[in-house]
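We use all heavy atoms of the structure for the numbers below, so side chains are in, but hydrogens, waters and symmetry mates are not. One-based numbering, in listed order, for ligands and for the atoms of each. Counting begins at 1 with the first residue of the sequence. Since we're looking at a predicted model, the values are computed, not measured.
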Amino acid sequence: MNLETAPDTGANIGPNSGPNSGMARLMQELREGGVADERVLSVIERTPRGLFVPAPFAAKAFDNVALPIGHHQTVSQPLVVARMTQALDVGERMKVLEVGAGSGYQGAILARLCRRLYAIERYAGLLEEAEKRWARLRISNITALHGDGSLGWPEQAPFDRIMVTAAAADMPPVLLEQLAVGGLMVVPVGDGDHDQRLELVRRTGDGVETEDLGPVRFVPLIDGKAEHL
Ligand code: SAH
């Protein structure tokens, strides 16, 4: 019997661990990009982004870039996911709404931070895939709806937190109405590719307070549910 162990090439460690791995590098980039919330960082570290993108892109899952998910939609770059999640300051007892579930990646992260996530997506095909991924990760606190998220989910309102992951032309009043008093919503606002701003909105007793979190680039929020897949 040959008791000699194979030289450690690192090949069996996989891309998900070790100080020089893709994930470690990504974590470093997120910290350098201003993400300091350890709960958010730890959930991102535990959620395999490669599972949420088509196989040819899985190798890029640890790169800080947006990736295509089909239907001309994209999963945001990890730094944007992390910054939006951090800004939302999600607590474990909270009820959260996500508009634009897409691949399900952002939803997986939110669900691991809150009590229950309500996720709306206008493409049935994307939502079906997202639900399979959530099941695979044994995430069972997401209620999903194939529908028009710009209408929110009145039957489930109010929400403690709302995250919109597609750009609204203007701050959507319907969603603001479904936000609990004291609640927070993060939403990209603006027309076109180049002048969108990420807004953090707090609903107060008598109105709203808005904070500008800087420029972003999202696909547009489109009214109505998609009739084809
Ligand atoms: N959060 C997603 C990425 C979002 S891409 C992820 O983690 O992968 C934006 C998504 O918003 C797309 O899937 C798009 O179909 C969806 N979308 C756009 N307008 C919508 C609307 N009115 N209602 C629901 N979903 C919408």
message: Show every salt bridge (Lys or Arg N to Asp or Glu O under 4.0 Å) that has at least one partner inside residues 136-164, sequence neighbours left out.
response: none

Nearest heavy atoms of W134 and L127, plus distance in Å: CH2-CD1, 4.4 Å

- prompt: Counting heavy atoms not belonging to E32, are there more than 12 under 6.0 Å from its CD?
  reply: yes

task: Would you name the heavy atoms of D223 and R122 that are closest together and state the gap between them?
output: O-NH2, 3.9 Å

Would you tabulate the polar-atom pairs, meaning N/O of ligand 1 against N/O of the protein, with distances under 3.5 Å, reported to 0.1 Å?
residue  : atom   : partner : partner atom : Å
ligand 1 : 1 (N)  : E98     : OE2          : 3.1
ligand 1 : 1 (N)  : G100    : O            : 3.0
ligand 1 : 1 (N)  : T165    : OG1          : 3.1
ligand 1 : 7 (O)  : Q106    : N            : 3.0
ligand 1 : 8 (O)  : S103    : N            : 3.0
ligand 1 : 8 (O)  : S103    : OG           : 2.6
ligand 1 : 13 (O) : E121    : OE1          : 2.7
ligand 1 : 13 (O) : E121    : OE2          : 3.3
ligand 1 : 15 (O) : E121    : OE2          : 2.6
ligand 1 : 19 (N) : I222    : N            : 2.9
ligand 1 : 22 (N) : D148    : OD1          : 2.9
ligand 1 : 22 (N) : I222    : O            : 2.6
ligand 1 : 23 (N) : G149    : N            : 2.7
ligand 1 : 25 (N) : R122    : N            : 3.2

- prompt: Going by the angle between their ring planes, with limits at 30° and 60°, are H71 and Y123 parallel, tilted or perpendicular?
  reply: parallel

message: Looking at every heavy atom in both S150 and L221, which two are closest together, and how far apart are they?
response: CB-CD2, 4.0 Å

